[in-house]
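Residue numbers start at 1 and run along the sequence shown. As the structure is a computational prediction, the values presented were derived from the model and not from experiment.
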Amino acid sequence: MESGERRSSSSERHIVYKDSSWFSQFRNGSNPWMARYVYALIFLVATLLAWAARDYGRSALTEMERLKGCEGEKDCLGAEGVLRVSLGCFTFFITMFLSTTGSSKLGEPRDSWHSGWWSVKIPVWISLTIIPFLLPSAIIQLYGGFAHFGAGVFLLIQLISIIKFIMWLNDCCQSEKCAERCQIHVMLLATTAYVVCLAGIILMYIWYAPEPSCLLNIFFVTWTLVLLQFMTSVSLHPKVNAGILTPGLMGLYVVFICWCAIRSEPAGGSCIRKAEATDKTDWLTIISFVVAVLAMVIATFSTGIDSKCFQLRTDDVQAEDDDVPYGYGFFHFVFATGAMYFAMLLIGWNTHHAMRKWTIDVGWTSTWVRIVNEWLAVCVYLWMLVSPIIWKNRHAAEST
């Protein structure tokens with residue numbers, strides 16, 4: 001009887017929270033729908049603090065003697081400032097991950113801790129942001145090495161989430177309910193995707209490979225075109241029969257990654273346009289930086305609430321009204337790895353890399369990280385296409 005009443009109250013609270021306004025949700029102070037935006041805001045503030053520590057930290061922290069011994073590098077203090085803020089943000093979210101993982105029902109103590117207690121969690125986050133500035137440089141450099149691995153985990157989670165969404169969209173369009181109705185829309189969307197991909201590849205040839213000596217950029221763009229053709233061929237193979245929509249959308253993704261990779265190349269060469277090679281900070285550079293930061297926060301947020309893409313069980317389980325709306329532990333784990341990812345972007349994946357103000361993810365290390373991420377995305381996508389066929393053939397062979 002008590003369990004039934006508890007479930008009923010949880011269901012009522014679910015409806016009230018979901019239908020109420022943003023102000024009402026914030027005033028209630030303990031609901032998961034509003035909490036995720038607060039965590040995203042904390043993540044955004046931490047990212048901006050890390051940027052401020054990188055670009056303006058030297059003048060603000062010159063009196064702190066422990067931050068001066070940075071192996072003689074001129075701008076290494078900025079990189080250390082980024083890592084210190086990142087360490088505080090990572091510690092906060094990994095603590096939330098450990099304390100909320102396994103939450104399944106609304107109204108549980110872990111649900112209340114995740115969704116409320118802001119008067120406690122905000123001071124804890126501020127304290128965890130300050131404490132790393134009191135640690136010796138050796139610990140920060142050790143964290144910087146570990147952050148490379150954590151940022152790689154974040155990129156892997158993000159690309160799996162994107163690929164899962166693309167395949168989910170394709171399955172919806174090919175379902176019996178939507179197959180006839182969405183046929184024209186699928187063709188238009190796929191055609192548009194391929195046109196944009198080809199236009200992007202042509203523009204990258206014009207902008208970033210203007211001379212035959214730009215062999216590396218020519219290789220990056222040409223190999224991206226080859227991968228696009230290969231994904232399309234595999235997707236249209238009779239045994240796979242995945243349609244034309246998924247390779248088109250994946251083509252947009254890999255072309256975008258290739259474009260970001262080439263733009264991450266340091267200025268100074270003839271293969272980079274003069275407008276991008278200048279050291280002057282203009283309004284376009286500032287706007288690009290702001291857009292990149294916001295895109296990173298949005299990507300972290302959207303990936304964090306997408307825990308269902310990583311469930312091992314694929315059975316259709318009926319969701320109950322008092323189930324948590326998203327995986328709390330996974331949400332905080334993504335933000336914890338995202339904290340290491342924004343650190344790598346701000347220092348160019350190099351703890352001793354001098355970054356120009358208002359820039360993000362610039363350097364040869366950043367370029368190769370993105371290129372490898374592009375190739376890995378194609379490999380994961382192709383594996384998701386062919387793995388069902390491989391497992392089916394293996395089971396058929398074992399049964400015979």
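Looking at residues two or more places apart in sequence or on another chain, you find no side-chain contact (heavy atoms from CB on, under 4.5 Å) involving M187. Taking the ring pair (Phe, Tyr, Trp, His ring centres under 6.0 Å) definition, one finds that F93 meets it with F335, sequence neighbours left out. For F97, the ring pair (Phe, Tyr, Trp, His ring centres under 6.0 Å) partners are F333, not counting sequence neighbours. A242 pairs by the side-chain contact (heavy atoms from CB on, under 4.5 Å) definition with S235, V240, T246, L385, not counting sequence neighbours. The ring pair (Phe, Tyr, Trp, His ring centres under 6.0 Å) check on W168 picks up F165, with sequence neighbours excluded.
Between Y326 and Y328, the ring center distance clears the sub-6.0 Å criterion.
Within the 4.5 Å cutoff, the side chain of W113 has heavy atoms near those of the M96 side chain. Residues T367 and I262 are not in side-chain contact: their nearest non-hydrogen atoms beyond the backbone lie 4.5 Å or more apart. Side-chain contact check for T300 versus F154: some heavy-atom pair is nearer than 4.5 Å. For the pair P247 and Y194, the minimum side-chain heavy-atom distance is below 4.5 Å. At least one side-chain heavy atom of Y381 sits under 4.5 Å from a side-chain heavy atom of M231.
The salt bridge (charged side-chain N to carboxylate O under 4.0 Å, His left out) analysis of residues 368-378, with sequence neighbours excluded, yields the pairs D361-R370.
The CZ atom of R84 lies 13.0 Å from the OG1 atom of T129; values are rounded to the nearest 0.5 Å. In this structure, CD1 on I371 lies 12.0 Å from OG on S366, to the nearest 0.5 angstrom. Put simply, CE on M250 and CD1 on I166 are 5.5 Å apart, with the number rounded to the nearest 0.5 Å.
Counting non-hydrogen atoms of neighbouring residues, nucleotides and ligands closer than 6.0 angstrom, the OH atom of Y205 exceeds 12 such neighbours. For F219, the CZ atom counts as densely surrounded, since its 6.0 Å shell holds more than 12 non-hydrogen atoms of other residues, nucleotides or ligands.
In this structure, K121 is not positioned above the aromatic face of W117 in the sense of NZ or CZ being under 6.0 Å from the six-membered ring centre and within 45° of the axis.
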Stepwise, does the ring pair (Phe, Tyr, Trp, His ring centres under 6.0 Å) test hold for F220 with W368?
CA-CA 10 Å; F220 288 159; W368 281 105; 5.3 Å; yes

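When each of Y341, W125, F92, F342 is paired with F43, the ring-ring contact (aromatic ring centres under 6.0 Å, His included) condition holds for F342 and for no other.
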